[in-house]
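Sharing a structure below in C-alpha cells format, with a few things to ask.
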Amino acid sequence: MQRNLQKSLAFFAILAVINVGNAQDLRNVEEPKTPESCTSLKATGGDDTEVIQKALDSCTEGKAVALSSGVFYSGPLTIPSGVSLLVDSGVTLKAIPDPKLYDLGANTCGTLNEYGVGCRAFITMQEAKGSGIYGKGTIDGQANVTMTGKNQTWWDLSLAAQKAHNYQNNPMLVKINKSMDITLYQITLINSPFYTAAAYETNGWTVWGLTILASVRNTDGIDPVGCQNVTITRCYISNGDDAVAIKALTAPSRYISVVNIHIGSGNGFAIGSETNCGVRDVVVANITTIGTLTGINIKSNYFRGGTVENIVFDNFCAIKARRPVFLDMKMNNLQGPNMPVFRNITINNMYSLTKGIIALHGISSSNSIEATLHNVHIAKGSTYSEYHTKITGEFEEDATGTRCGTFGNE
Ligand SMILES: *[C@@H]1O[C@H](CO)[C@@H](O)[C@H](O)[C@H]1NC(C)=O
Ligand SMILES: *[C@@H]1O[C@H](CO)[C@@H](O)[C@H](O)[C@H]1NC(C)=O
Ligand SMILES: *[C@@H]1O[C@H](CO)[C@@H](O)[C@H](O)[C@H]1NC(C)=O
Ligand SMILES: *[C@@H]1O[C@H](CO)[C@@H](O)[C@H](O)[C@H]1NC(C)=O
Ligand SMILES: *[C@@H]1O[C@H](CO)[C@@H](O)[C@H](O)[C@H]1NC(C)=O
Ligand SMILES: *[C@@H]1O[C@H](CO)[C@@H](O)[C@H](O)[C@H]1NC(C)=O
C-alpha cells in the first residue's frame with residue numbers, strides 16, 4: 001500500500017500544480033514527532049481501563065503514555081490536555097464492547113432510538129491543547145464482536161437502524177471537541193462502531209499517516225466538524241461510509257488540506273451534508289479512490305444547508321466509482337430554512353477511469369452549482385444527471401486505461 005502510494009505520487013508529480021491560493025491549512029505543518037514517554041505499560045490481559053486512565057492523568061504535559069506490549073482491553077478513556085497516548089508497533093488497544101461502559105446516563109447506549117447520541121466515545125479529548133495519539137500499533141473498536149449482554153455486534157445494530165429507519169446508539173472511536181493543536185500520527189484505527197475519528201470545533205488538527213479500516217454505514221474515517229487549520233495527509237482509508245467528511249454544523253470549517261490520501265471502498269471524499277455554518281477554503285489534492293460509491297461528493301440540502309465555496313480539487317483519480325462526481329444541493333430532498341450555496345468549486349486534473357454517473361444537482365436557475373473544470377477526463381460511456389448548474393470547462397470523455405499511472409486497481 002505504501003509502495004503504491006509512492007508510485008501514485010510519482011505519477012502526480014508530472015502533472016501541473018495549480019495555485020490553490022489561501023485555501024489550505026494556514027499552519028506550516030511538518031511530519032509530527034512522537035513525544036517521549038512518561039511511562040510504559042504492559043497489557044495484563046484483563047480490563048486495563050483504570051491503569052491506562054491513571055497513567056494518562058498523571059503524565060507530564062508534553063509526554064505520552066506508551067502501551068508497549070500485548071493486547072489491552074479497555075472501556076472509555078479520556079486523554080487530558082497536553083498528554084498523548086502512544087500505541088507501540090505490534091500492540092493493540094481493544095475497546096471492550098460493553099454498552100454500559102459508554103452509556104451517557106439514559107441507558108440507551110447499545111440500543112436503537114430516535115436520536116443516536118446515547119454513548120460517549122472510546123477515546124475522548126475535550127478542551128485539550130497539544131494532545132494526540134501516536135504509534136504504529138492498532139486501536140480496535142471491536143464493532144464486529146458481540147456486545148456484552150446482547151446477541152448483536154455494534155455493526156449489527158447499525159444495520160438494524162437502517163431497516164428500522166431510526167438511529168443506533170454506538171460510540172465513536174476517537175472524539176475530539178473544542179480543542180487545539182491535536183495530532184493523530186501513524187496509528188491504525190479499525191472496526192469503529194460509529195465515526196472513526198471526528199473533531200468538533202477544533203483549531204489545529206493534524207492527521208498524518210493513519211490507516212483506517214471498517215465496514216458498515218456511519219463508520220466515517222476522518223470528520224472535521226466546524227474545524228479550522230486542519231491537515232489530513234498520507235492516509236489509507238477503507239470503510240463503509242465517507243472516508244473524509246468535512247462538515248460545519250455549529251461552527252464554520254475553514255483552511256483544510258486533504259492531501260495524498262488513498263481510499264479503498266466506502267463512499268469516497270465528502271463535504272457535507274451539514275454545511276450550516278459554511279465550509280470554505282479547502283484543498284483536496286492527490287487523492288485516489290478505488291471502488292467507492294462516489295469520488296468527489298459535495299452534499300447538502302435546505303435542512304443542513306450553508307455556503308460551500310473556494311474549494312479546490314487537484315489530482316483526483318477515481319477508479320470504479322459509481323458517481324465519480326456528485327455535487328448535490330438537494331440531498332434526499334430534505335426541507336428546512338437553510339439555503340445551500342455551492343460556488344467557486346474547482347476540479348483540476350481529474351481522471352475517472354471507469355464509466356459512472358456525473359451527477360450535478362443545483363436548486364434553481366438563480367441558485368445553481370458554480371464550478372470550474374480544468375483537465376477533467378472521464379471514461380467514455382459515462383452518463384450525466386445534471387440540472388441548475390453553471391459549469392465552466394467540460395468533462396472530456398477520453399480517460400483510458402485501468403490505472404492512474406503505475407498503480408491502481410489491483
Ligand atoms: C501533490 O503531489 C505532487 C507530487 O508529489 C506535489 O508536487 C504536490 O505539491 C501535491 N499537492 C499538494 C497540494 O500537496
Ligand atoms: C490558523 O493558523 C494561522 C497560522 O498559524 C493562525 O494565524 C490562525 O490564528 C489559525 N486559525 C485558527 C482559527 O486557529
Ligand atoms: C473482527 O475483526 C478483526 C480484525 O478486523 C478480526 O481479526 C476478528 O476475527 C473479527 N472478529 C469477529 C468476531 O468477526
Ligand atoms: C436477539 O435477541 C432478540 C431479543 O432479545 C431476539 O428477538 C432476536 O431473535 C435475537 N437474535 C438472534 C440472532 O439471536
Ligand atoms: C463540546 O463541548 C461542549 C462543552 O464545552 C458541549 O456543549 C458540546 O455539546 C460538545 N460537542 C460535542 C459534539 O460533543
Ligand atoms: C475561488 O477560490 C480560490 C481558492 O480558494 C481563491 O483563490 C479565489 O480567490 C476564489 N475566487 C473568488 C472569486 O472568490
Side-chain angles (χ1 to χ4, degrees), residues 17-30 76 78-81 102-106 109 115-131 167 169-183 194-206 218 220 223-232 245-259 271 274 276-285 298 304 307-315 341-349 369-374 390-393:
V17 175
I18 65 154
N19 181 6
V20 296
N22 262 350
Q24 70 274 48
D25 188 340
L26 298 178
R27 300 171 304 157
N28 177 23
V29 176
E30 291 177 355
T78 301
I79 300 182
S81 197
Y102 305 86
D103 194 73
L104 282 170
C109 189
Y115 311 103
V117 294
C119 310
R120 76 182 76 246
F122 179 48
I123 296 178
T124 300
M125 296 179 221
Q126 169 75 25
E127 286 153 73
K129 183 167 187 230
S131 303
Y167 296 95
N169 287 274
N170 282 9
M172 296 181 201
L173 196 62
V174 177
K175 179 179 177 183
I176 301 155
N177 186 24
K178 290 196 177 285
S179 295
M180 278 180 76
D181 304 326
I182 304 298
T183 303
F194 197 66
Y195 298 167
T196 303
Y200 297 81
E201 298 188 40
T202 289
N203 292 328
W205 189 27
T206 302
N218 300 138
D220 289 25
D223 288 3
V225 189
C227 293
Q228 301 197 30
N229 287 341
V230 176
T231 291
I232 301 166
I246 301 172
K247 302 168 188 279
L249 187 59
T250 55
S253 270
R254 208 163 179 194
Y255 307 124
I256 299 183
S257 303
V258 181
V259 182
I271 293 177
E274 301 91 325
N276 310 55
C277 297
V279 176
R280 295 188 167 82
D281 304 310
V282 175
V283 173
V284 181
I298 305 181
R304 291 164 159 179
T307 300
V308 178
E309 66 183 354
N310 308 349
I311 315 290
V312 178
F313 294 91
D314 189 28
N315 297 344
V341 172
F342 290 5
R343 66 186 172 213
N344 193 17
I345 294 161
T346 301
I347 303 178
N348 190 61
N349 292 334
I369 294 173
E370 295 177 28
T372 302
L373 312 176
H374 295 290
K390 285 187 193 146
I391 308 291
T392 309

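Atom set for the values below is all heavy atoms of this structure, side chains included, hydrogens, waters and symmetry mates excluded. Start at 1 and go down the list; that is how both ligands and their atoms are numbered.
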Original post:
Looking at atom 4 (C) of ligand 5, what's its closest protein heavy atom, distance included?
Top reply: Q126 NE2, 3.7 Å

Original post:
For ligand 6, which atoms have a heavy atom of V312 less than 4.0 angstrom away?
Top reply: 4 (C)

Subject >> Donor-acceptor contact present, side-chain S257 to main-chain D25, <3.5 Å >> reply: yes

Original post:
Sub-3.5 Å donor-acceptor pair from the side chain of D103 to the main-chain atoms of C109, do we have one?
Top reply: yes

**OP:** Do me a favour and list the nearest non-hydrogen protein atom to atom 5 (O) of ligand 2 with residue, atom name and distance?
**Re:** R27 CG, 3.9 Å

Subject >> Nearest protein heavy atom with distance in Å, relative to atom 14 (O) of ligand 5 >> reply: K175 NZ, 2.7 Å

Original post:
Is the shortest distance from a Lys or Arg side-chain nitrogen in K178 or E201 to a carboxylate oxygen in the other one below 4.0 Å?
Top reply: yes

Original post:
Among all residues two or more places apart in sequence or in another chain, which pass the side-chain hydrogen bond (donor to acceptor under 3.5 Å, both in side chains) test with N177?
Top reply: Q126

Subject >> Heavy-atom gap E201 to ligand 5 smaller than 4.0 Å >> reply: no

Original post:
Does K175 make a cation-pi contact with Y195, if we ask for NZ or CZ under 6.0 Å from the ring centre and within 45° of the axis?
Top reply: no

Original post:
Nearest non-hydrogen atom to atom 8 (C) of ligand 6 belongs to which of N344, T372, T346?
Top reply: N344

**OP:** Could you tell me whether some N/O pair between N229 and ligand 2 is separated by less than 3.5 angstrom?
**Re:** yes

Original post:
What residue and heavy atom of the protein are closest to atom 10 (C) of ligand 5, and at what distance?
Top reply: N177 ND2, 2.4 Å

**OP:** Just jot down the disulfide (SG to SG under 2.5 Å) partners of C227, sequence neighbours excluded, or say none.
**Re:** none

Original post:
What do you reckon, does E127 have a nitrogen or oxygen under 3.5 Å from a nitrogen or oxygen of ligand 5?
Top reply: yes

